[in-house]
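Let me begin by presenting the structure, written as structure tokens, before commenting on it.
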2 protein chains.
Amino acid sequence: MDLENPKAREKMEMREKILHTASQLFVERGFEKTTIRAIAEEIGYSPRTIYLYFKDKDDLFYQMSLDAFKLFVQYFQEVPTDGDPLDRLCKLGQKYLSFASEHPGYYDLMFILRSPMNHDENDETFEIGMKSKGILKAIVSDCQKAGYLQGYEIEHLALMIWAEVHGLVSLHIRERLKMYPDMDSVPRIEQAHEIFVDMLRKF
Amino acid sequence: MDLENPKAREKMEMREKILHTASQLFVERGFEKTTIRAIAEEIGYSPRTIYLYFKDKDDLFYQMSLDAFKLFVQYFQEVPTDGDPLDRLCKLGQKYLSFASEHPGYYDLMFILRSPMNHDENDETFEIGMKSKGILKAIVSDCQKAGYLQGYEIEHLALMIWAEVHGLVSLHIRERLKMYPDMDSVPRIEQAHEIFVDMLRKF
DNA sequence: TTTTCCAAGTAAACGCTGTTTACTTGGAGA
DNA sequence: TCTCCAAGTAAACAGCGTTTACTTGGAAAA
């Protein structure tokens, strides 16, 4: 991008301002209640102006999910690349759960909501998703080299592991764990995940 | 209910007609596109009429989810109540996946969508949910008696198992498995689930 | 038999939503 | 100085869930 050109920079800043405001409102209120009009009012412009920077509401939320995916990968990159592979797999799962409980709105946007899905050929979130999957698969591969999880295809193992953490998180985010009233959901999720990792370890 | 009283029966039939039409449109088009106006037009009444039978759109979809939960429990009741407990646990998981792939719209309604959630004291879907959880917990308990899955609380084990199948299914329904283009999602889910059950068996 | 009354149904409106058409305006470049 | 265009806007459009105010057909009361 042309950061020297003051015209282009102003345009970029306005875009960021819209995205930042939309993101803030979305985290507070959710998708439906984050209206174009509310965003416009918040930044002090007319609703029409937002359409000068984004094709439509879905496009705006797709661009927002891009930022979410970048933050998500940062969580993953805190996991060490050497050491006991099963410890690393465990750590990866914990980071996944941390991201989801610290940024439930973003998680919803990335993995549950229908709106931000992109149907272009060069989908950037798709690329980042593949990168994250690559990190998981590399660790699973290391586990197999260390003698764990023998006899199954890495791709299928990776999906099973992803599904487990996604299942825990999405039940929580979409409020299907309210039937356990005696305990906060987050520690309950963590306990269930610990059992899962124990199981992988003995596998 | 007073099925003899023709007045009450007519009222009941109208209610069923609305529910059936709404359900049909919902399965075809999803929640957002199933508008009150579209349902009204389909049954040949004015939109206002629907509000004589249901409090609002959320109430209509909550009542619809009740039917979905009843169908869901029917799937579960096909699982034998005796025999090898781990075979039964496997069968239960397969039934869960069958329900979700045969009725993805209903699954969405029951476990993903925010709208049909009820906030009353006597929530009937809550009761049915607890019943389903009871079936799962009974099988997990039998597994422990047979020497499997030792050393963990049944409640936590049940959540871990639920999360695994829910994770697989909800990634599929919300179209997050499109990154595997070379294979249909359903067999992929079944393979991942098989690995999970193998793992439980060796645990 | 006549009158009353109410449940069932409706047309039209209200206040939202995302989005578009048609317009204004300030400032850079010719 | 004049032209032109990018940036921004007011107002409208179509569609949404929902409500107000109205009509009407038929059972029950007189």
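Naming convention: chains lettered A, B, ... in sequence-line order (proteins, then strands); numbering from 1 in each chain.
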Atom pair distance, as rounded to whole Å: CE in A:Met14 and P in D:dA6: 16 Å

Within the 6.0 Å centroid threshold, strictly below: B:Tyr107 and B:Tyr96: yes

Nucleotide D:dA14, atom P - distance to CD of B:Glu32 in whole Å: 22 Å

Distance test, side-chain N/O of B:Tyr45 to OP1/OP2 of C:dA8, below 4.0 Å: no

N or O in side chain of A:Lys11 less than 4.0 angstrom from D:dA7 OP1/OP2: yes

Options C:dG18, D:dA10, D:dT18, nucleotide nearest the side-chain atoms of B:Ile36: D:dT18

A:Phe31 CZ to C:dG18 P, straight-line distance once rounded to whole Å: 8 Å

A:Ser46 side-chain proximity, nearest of D:dT9, C:dA8, D:dC16: D:dT9

Interatomic distance, A:Ile50 CD1 vs C:dT17 C1' [rounded to whole Å]: 13 Å

Centroid-centroid distance, B:Phe72 to B:Phe111, less than 6.0 Å: yes

Interatomic spacing from CD in B:Glu102 to OH in B:Tyr75 - rounded to 0.5 Å: 3.5 Å

Nearest-Å distance for atom pair CD/P, residues B:Glu10 and D:dA27: 10 Å

Whichever of A:Arg48 and A:Ala38 has its nearest DNA chain C nucleotide further upstream toward 5': A:Ala38

Under-4.0 Å side-chain N/O to phosphate OP1/OP2 contact, A:Thr49 with D:dA7: no

Salt-bridge contact B:Glu153-B:Lys137 (side-chain N to carboxylate O under 4.0 Å): no

Nearest listed nucleotide, side chain of A:Tyr51, among D:dG8, C:dT20, D:dT20: C:dT20

Spacing of B:Glu41 atom CD relative to D:dC16 atom C1', expressed in whole Å: 14 Å

N/O (side chain, B:Thr35) to phosphate O (OP1/OP2, D:dC16) under 4.0 Å: yes

Centroid-centroid distance, A:Phe69 to A:Tyr106, less than 6.0 Å: no

Nucleotide nearest A:Lys57 (side chain, heavy atoms from C-beta), chosen from D:dC16, D:dT20, C:dG18: C:dG18

Row check, B:Tyr53 ring normal vs B:Lys11 NZ/CZ: under 6.0 Å, within 45°: yes

Residue A:Leu52, side-chain heavy atoms: nucleotide from C:dA11, D:dA7, D:dT18 that is nearest: D:dA7

Nearest-nucleotide pick for B:Asp56, side chain only, options being C:dG9, D:dT9, D:dT18: D:dT18

Sugar-phosphate, base or nothing in reach of B:Phe54, heavy atoms under 4.0 Å: nothing

For atom OH of A:Tyr53 and atom P of C:dT19, their distance in whole Å: 18 Å

Spacing between A:Leu60 atom CG and C:dT17 atom C1', to the nearest angstrom: 15 Å

Polar side-chain contact B:Arg37-D:dG15 base: donor and acceptor under 3.5 Å: no

